[in-house]
Amino acid sequence: MEAVQNNEAAPRKRVFSAIKPTGNPTLGNYVGAMKYWGGMADEYDCLYAVADLHAITVNIEPKELRENSKRLFALLIAIGIDPDRNVLFMQSHVSAHAELGWLLNNYTMFGEARRMTQFKEKSKKAPDNINVGLFDYPVLMAADILLYQADIVPVGDDQMQHVELCRTIAQRFNNKYSPTFKMPEGRVPKSGARIYSLADPTAKMGKSDGDGSGSVFILDKPEDIMRKFKRAVTDCDSKIKASKDKPGITNLLNIYASLCGITVAAAEKEFENSDYAAFKTRVGEAAAETLRPIREKYEALRRDDVALAELMKAGAERASRIAHRTLEKVYKKIGFVRV
Ligand code: TRP
């Protein structure tokens, strides 16, 4: 049955988000963010980009960038972003991103960019590669968002500071010229707890975790998923209860609750008479069951590179049309001669 639209005149709000093709997306990325993206098209006009331009702010080999980019694009479709109902594209295929990024540099203060927590952390991590791109990263991110006049920007909590900077830049530009950019609002998903490493439940489940034993990757095979869960670090008593001093069990409960769409309390109840081994097996099975159809869809998409390229092209064309309208306005307002 068709959904009844009770206010067809109201324009739909626009959502924009992007994800970098660095590392290998994990169950944590899925549960914490990606899982919600496909469904947002019911309510909003959604644009999603693979942020490949952002990926080169850290050291990355050409082969890796190329493979990661294709993998992520296909994976986004596999997790439920239907390219007919959403605009899905590669950031570098829409030249307006790099152009607006340059323009916005001139409305961003050095001191504002210098204060960004992510810049400080990444500089500490790679002191031999503190490049200007890394510093400029949030300005390009502001360009991504502002080009599409996005209302809502779903992000992880570590990106909220960048969305705030984006608003500062937009406000400054709007004040100097005239209203040009919509003020975007960053949104951190309420449900979908932060997922920690299975090997060290005090550290975030990372996309580029050392030997991979602590991270479950979305594209892992069921047997690897099971092995990782069975070896998950837990604590020494045997109660399956979430608490501060039981980070391992709490993490597994969070994962299970998110995968099954239930509360942590309901998960605790379900396992009140289980031992750790049975619990870990069940969480592993839930993860493997959730991820299996995603991996199968992904593999089908990767069997046809030509079709994948066509989807990229179509997405970039649709994104370009919107982006260039904003970019043209910006050039004119600043005073560039347009012919
Ligand atoms: N910086 C974001 C991250 O690391 C990815 C990103 C790039 C992004 N451009 C964006 C997110 C624009 C939201 C909007 O997760």
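In listed order, ligands and their atoms are each counted from 1. Numbers here are sequence positions counted from 1. Treat the numbers as computed from the prediction; the structure is a model and nothing was measured.
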Residues at least two apart in sequence or cross-chain that pass salt bridge (charged side-chain N to carboxylate O under 4.0 Å, His left out) with E121, listed by chain then number, are none
Report task. Under 4.5 Å between side-chain heavy atoms, chaining through other members, with only Ile, Leu, Val, Met, Phe, Trp and Tyr counted: pull out the rest of the cluster around L65, sorted by chain and number. Result ->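 Grouped by the 4.5 Å side-chain rule, I56, I60 form the rest of the cluster around L65.
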Do the two ring centres, one from Y148 and one from F89, sit under 6.0 Å apart?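 Ring centroids of Y148 and F89 are less than 6.0 Å from each other.
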Q: Quick one: which residue pairs count as a side-chain hydrogen bond (donor to acceptor under 3.5 Å, both in side chains) with a foot in residues 278-294, not counting sequence neighbours?
A: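 side-chain hydrogen bond (donor to acceptor under 3.5 Å, both in side chains) check on residues 278-294 returns R282-E285.
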### Main-chain N/O of S178 paired with T180 side-chain donor or acceptor, under 3.5 Å
yes
What are the atom names and distances for all N or O pairs under 3.5 Å between ligand 1 and the protein?
residue: ligand 1; atom: 1 (N); partner: Y137; partner atom: OH; Å: 2.7
residue: ligand 1; atom: 1 (N); partner: Q159; partner atom: OE1; Å: 2.9
residue: ligand 1; atom: 4 (O); partner: K20; partner atom: NZ; Å: 3.1
residue: ligand 1; atom: 4 (O); partner: Y137; partner atom: OH; Å: 3.2
residue: ligand 1; atom: 9 (N); partner: D144; partner atom: OD2; Å: 2.7

Quiz item: Does a salt bridge link K313 with E317, judged by any charged N lying under 4.0 Å from a carboxylate O?
Solution: no
